[in-house]
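Computed from a prediction, not measured in an experiment: that's the story for all the values here.
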Amino acid sequence: MRCPKCGSRDDKVIDSRQSRDSSSIRRRRECLKCKYRFTTYEEIERSDLRVVKRDRTHEPFDRRKLAASIAKAFEKRSTSLLTLEDTVDEIVHELETSGREVPSSVIGAKVLDKLRGIDEVAYLRYASVYQQFQDVDQFVDAIHTLGHRIKSNALQRELFPSEAPQNPAPGSHNIPTIKKHGRV
């Protein structure tokens, strides 16, 4: 390993630890020439997984590209980085066990499936890019699709809560109520 400060190739490993998911090893190193300390990461090279793009071209799978696209969908949302990392780890594991070539449509579908259960706004952001929404009607359709499903996360509010019809009590008069929507 070459020292980033002086360029010397002589160093020693001070500390080695596994990452949380045991997919990489973090090593603290010290240059023997200038005593500068730096960190390196060692992980398995996965050069065999390839992505088949929409235009039929092939490219190597890039975990950072996937993580960046998911992080962009969660931008300014209150979701922890640990949740994002776990989501990326789950998707990557599913992709690696599915074969050597993966269509980009499969990757997008897996991401949308994960995001739907975590955060509906992030799901809509990702879907708008992945499904190439052209107008507002496509957003509305996606929102209505989300509104008709059963929520798995009780802490997240419904986008469009359904208004249950109220049955009047026996003997009471059925007087229509007027809803005010902010303007009088």
Give the minimum heavy-atom separation between Ala73 and Leu115, together with the two atoms involved.
CB-CD1, 4.4 Å
Could you report the tightest heavy-atom contact between Arg125 and Phe74, atom names first, then the distance?
NH1-C, 4.0 Å
With sequence neighbours excluded, tell me which residues meet side-chain hydrogen bond (donor to acceptor under 3.5 Å, both in side chains) with Glu75.
none
Roughly how far, to the nearest 0.5 Å, is CZ of Arg2 from CZ of Arg9?
4.0 Å
Quick check on the hydrophobic clustering: are Leu95 and Val52 connected, directly or via other members, by side-chain heavy-atom contacts under 4.5 Å?
no
Shared hydrophobic cluster for Leu49 and Val111 (ILVMFWY, side-chain gaps under 4.5 Å)
yes
Just verifying a value: how many Å separate Cys34 SG and Asp10 CG, rounded to the nearest 0.5 Å?
11.0 Å
How far apart are the closest heavy atoms of Asp15 and Arg17, and which atoms are they?
OD2-NE, 3.0 Å
Can you find a side-chain donor-acceptor pair between Thr40 and Arg29 that sits under 3.5 Å?
yes
Check this for me: does any side-chain nitrogen of one of Asp55 and Lys53 sit under 4.0 Å from a carboxylate oxygen of the other?
no
Among Ile, Leu, Val, Met, Phe, Trp and Tyr joined by side-chain contacts under 4.5 Å, find the other residues sharing a cluster with Tyr36 and list them by chain and number.
Met1, Phe38
Step-by-step side-chain contact (heavy atoms from CB on, under 4.5 Å) determination, Ile107 to Lys110:
CA-CA 5 Å; Ile107 297 171; Lys110 286 185 184 298; 5.9 Å; no
What closest approach, in Å, do Lys65 and Glu59 show between heavy atoms, and which atom pair accounts for it?
NZ-OE2, 3.1 Å
Is the backbone N or O of Thr79 less than 3.5 Å from a side-chain atom of Thr83, with the two atoms forming a donor-acceptor pair by type?
no
Do Arg37 and Glu30 sit within salt-bridge range, that is, some charged N less than 4.0 Å from a carboxylate O?
yes
Do you see a donor-acceptor pair shorter than 3.5 Å between the side chains of Arg27 and Ser16?
yes
So does Lys114 pair up with Glu94, basic N to acidic O under 4.0 Å?
yes
So if you build clusters from Ile, Leu, Val, Met, Phe, Trp, Tyr with side-chain heavy-atom gaps below 4.5 Å, do Tyr126 and Leu81 land together?
yes
Looking at every heavy atom in both Glu85 and Arg63, which two are closest together, and how far apart are they?
O-NH2, 4.4 Å
Evaluate His93 against Asp89 for side-chain contact (heavy atoms from CB on, under 4.5 Å), listing each step before the verdict.
CA-CA 6 Å; His93 179 70; Asp89 288 341; over 6 Å; no
Rounded to the nearest 0.5 Å, the OG atom of Ser8 sits from the CG atom of Leu32 at a distance of 7.0 Å
Would you check, one step at a time, whether the test side-chain contact (heavy atoms from CB on, under 4.5 Å) holds for Arg26 with Thr39?
CA-CA 7 Å; Arg26 176 184 181 268; Thr39 304; 3.7 Å; yes
